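Heads up: the structure comes next, in structure tokens.
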Amino acid sequence: MKFENSISYARGLDKKDPLRKLRSEFHLPKLKGKTALYFTGNSLGLEPKSVRKFVNEELDDWASFAVEGHFHSRRPWLYYHKFSKKALAGLVGAKSSEVIAMNQLTMNLHLMLTSFYQPTQQRFKIITEAGAFSSDQYAFESQIKLHQFNPDTTLVELKPRAGEYTLRTEDILSAIQQHEQQLALVIFGGLQYYSGQFFDIKKITVAAHQAGAFAGFDLAHAIGNVPLSLHRDDVDFAVWCSYKYLNSGPGSVAGAFVHDRHATNFDLPRQAGWWGHHEKDRFKMKKGFVPMPGVDGWQLSNFPILSGAAHLASLSLFEKAGMKALRKKSVLLTGYLDFLLRALDPGQHRFVIITPQDPNERGCQLSLLMKKSGRKVFDKLTKAGVIADWREPDVIRVAPVPLYNTFEEVFQFAEIFKKALA
Ligand SMILES: *Cc1c(COP(=O)(O)O)cnc(C)c1O
């Protein structure tokens, strides 16, 4: 695609955009009374207007039915965890029986590690990317300690080569091979939150399995952003949150995937709760935990209806748009941003885009590593009406989201960024 650097060209792309109407389904935030240029959907997605209706319906049903709402509300609360299955399965490329909305992300990560990280004296190592999201690092560290291993010798964190910003797949695969005798688990962010690198889930999974280890992914920045095919890729487990690209609201219900291969492996150790108990006698309150087959058997608690209502409202927009069309627009939208930004500083004296340039290795986010006065540039962006994201020590993350951002906004951002650099 050959892009042009002009506002009329950007507007032309918006006119041709088959998804342009979706923007009006969202509340757009304001900065000093003006609609902001919002590029932080990777941190907190915008509120779909339909969320209010969905949540109000639950509030009304709670008022009208009280406890009977479990059976008689319009979306009976007893079955709420089932209502998001189809949409989630579509987003991660899975069967309905392999996905579940539950808990929060870090909690789900711990639940999965309990089952899929069972170190022995022979096999105890975990391979992950260096600089993983802090919560993930803490989860790995604490799980390793729980099994009385030493995190320093157990966790293998892969760093990019000197002078590079992202990991080469070949280096990930050879590290897996190198540690294969002692490897218990390979776990990566599907899409790295800092660099924006989209890892090769399939190749990493194949290598992990060849080494005799499990493969898991944290999809916090991948779900709703890039195409995923967890079932086909044979991934063992995955977790995600719903408040980033999934636009389900701050702290909204998260999710998990467990491959069907493990659906009836009741020997996997797990933390149990009544909602994971077989539904046919969940309410008999009997002694002896009998898990539901599939990922449903990892549930702990009854479903958080109010955040789940927001989740359903948002998921229906993804079903309306379709991930294929969203991805198509996303590649163009981020490609356009990449094109405009690179032209501002071809010598890379002021900043480097550390996110891979190949669309197959990234989602919609670009991470700009600022070589000098990064914080100042960022503050100027904010003053000019841009909501982007500053990551210590020196990265500005910009994420044009295909559901609601426009090509014209991308153009405006590049203009503002140019002035901020000057
Ligand atoms: C956003 C994010 C989290 C946040 O965890 P919560 O449990 O939702 O607070 C964790 N890990 C990654 C990779 C993230 O991107």
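Nothing fancy with the numbering, it's 1 onward along the sequence. Treat the numbers as computed from the prediction; the structure is a model and nothing was measured. Atoms within a ligand are numbered from 1 in the order they appear, just like the ligands themselves.
Atom numbering of ligand 1 starts at 1 in the shown order; those under 4.0 Å from a heavy atom of Y243 are 1 (C), 4 (C), 5 (O), 6 (P), 8 (O), 9 (O). Residue D218 has at least one heavy-atom neighbour below 4.0 Å for each of these atoms of ligand 1: 11 (N), 12 (C), 13 (C).
Contacts between T106 and ligand 1 below 4.0 angstrom, taking non-hydrogen atoms only, involve backbone and side chain alike.
Between D379 and R375, at least one side-chain N (NZ, or NE/NH1/NH2) sits under 4.0 Å from a carboxylate O, which counts as a salt bridge. Of the charged side-chain nitrogens involved, none lies within less than 4.0 Å of a carboxylate oxygen, so that D200 and K202 do not count as a salt-bridged pair. Using a 4.0 Å cut-off between a side-chain N of Lys or Arg and a carboxylate O of Asp or Glu, R52 and E58 do not qualify as a salt bridge.
Taking any N or O of H221, backbone or side chain, at least one lies under 3.5 Å from an N or O belonging to ligand 1. The shortest N/O to N/O separation between Y193 and ligand 1 does not fall below 3.5 Å.
The protein non-hydrogen atom at the shortest distance from atom 1 (C) of ligand 1 is K244 NZ, 1.4 Å. Counting only heavy atoms of the protein, atom 11 (N) of ligand 1 lies nearest to D136 OD1, 2.6 Å. The shortest contact between atom 3 (C) of ligand 1 and any protein heavy atom is with F133 CE2, 3.4 Å.
In this structure, H221 has its ring center at least 6.0 angstrom away from the ring center of F133. Residues F217 and F237 place their aromatic rings such that the two centres sit no closer than 6.0 Å.
The side-chain tip of R282 does not point at the ring of W274 from less than 6.0 angstrom away and within 45° of straight on.
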